[in-house]
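Below, read A as the first sequence line, B as the second, and so on, with proteins coming before strands; counting in each chain starts at 1. Just the heavy atoms: all of them, side chains too, but no hydrogens, waters or symmetry mates, feed the values below.
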Number of protein chains: 2
Amino acid sequence: MSITFAGVLADRSAWRLENCSIAMAMDVIGTRSSMLILREALCGTVRFDDFARRTRISEAIVAARLKQLTEIGLFVKQPYQEPGKRTRDEYLLTEMGKDLLPAVFALMQWGNKHLQAEEGGPLRLVERSTGEPVTIGPRTESGRSLDPDGLAIVANGDWVDSPSS
Amino acid sequence: MSITFAGVLADRSAWRLENCSIAMAMDVIGTRSSMLILREALCGTVRFDDFARRTRISEAIVAARLKQLTEIGLFVKQPYQEPGKRTRDEYLLTEMGKDLLPAVFALMQWGNKHLQAEEGGPLRLVERSTGEPVTIGPRTESGRSLDPDGLAIVANGDWVDSPSS
DNA sequence: CACCTGACTACTAACCATCAAAGCCAGCTC
DNA sequence: GAGCTGGCTTTGATGGTTAGTAGTCAGGTG
């Protein structure tokens, strides 16, 4: 397998995961509409009708999602006013929201590779300054890219003692 | 914003995304149960009752998900037999399934940071050989890690001409 | 002040994901 | 061959997600 366990997890025979971050994350943003709204937000969309039009989600759902995601803390509302119009709210991503970029684009990257009929899908990421293709993947804090095979999972608080297999 | 558009996407005023990979991906694996099963599979789980026990998902759902994910092509079934038992099937991740590692662990990483009461959540990724902490994030093909601010999105087939903003 | 528009909100009616509990079935044990 | 066990499948019931339609409401325009 691609990942090995270390520390207390080396024997998983009786182990079950509590407080799983993935489950918690899916409870919060695990809907199609949330992901599409986040895709738009990460691409720079800030206004209600832009979200609705670009995601093709009904206004009712967009309103409900934006409200929910704002309560959770992924968006903050900021009033704006165009000349001759009344004041409205823009929905701006918080740090918490921006931190979802890897998750959202990792999903896009996977869909591009495996779900698209033609090569690549409609959008892709590049480095702005060079145009070099960008992928989402594992990397160390010091900036080295890694293979999935080079990974291990540890329980929080543990350190790596003797990775098996 | 963190991402700029280039090429035909620079003016998005009338633009709507067709064949969105994120939407397609969410249609396929956008459920809590799929993500939890994938988490387990990426961590090395291969057998039915291990999936059910470790994810705490009911057997009915695990059976339905494994069947669906196998049809889609994320798993292949491989028969095995323990001594004194009848033959069963193991569920092994395909290349397509393993390619979801960044998406699944990006979600875990986000949950660890933003949804956990205590610091960090129950699990984290490290490099197997060194124990160095690992994060999921954008990087170039040549292996450099990038900031979200350094990214641009282009339509497939385009090249970067003059990134705005 | 009556009207219009843009940004939501409310309501209804699907549909889907999930669970609990029961049922089924292959093959091993006795 | 009768029973047991592990690996599913089936069957309601429940709650969350969604679309669609209609309604509300603030404020600018005439």
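- When atom types are taken as modelled, the side chain of A/R144 and the backbone of B/S145 share no donor-acceptor pair closer than 3.5 angstrom.
- Side-chain atoms of B/Q109 and B/T135 form no donor-acceptor pair, as typed in the model, at a separation below 3.5 Å.
- In this structure a side-chain-to-backbone donor-acceptor pair under 3.5 Å is missing from A/D89 to A/Y80.
- Side chain of A/T94 to backbone of A/G73: a donor-acceptor contact under 3.5 angstrom is found.
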ask   = Quick one: what's the B/S/- string for nucleotides 7-19 of chain D, heavy-atom cutoff under 4.0 Å, read 5' to 3'?
value = SBBB------SBB
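- Atom CG of A/L69 is separated from atom P of C/dC8 by 14 Å (rounded to the nearest Å).
- Remark: side-chain polar atoms of A/T45 are not paired, donor with acceptor, to backbone N or O of A/D50 under 3.5 angstrom.
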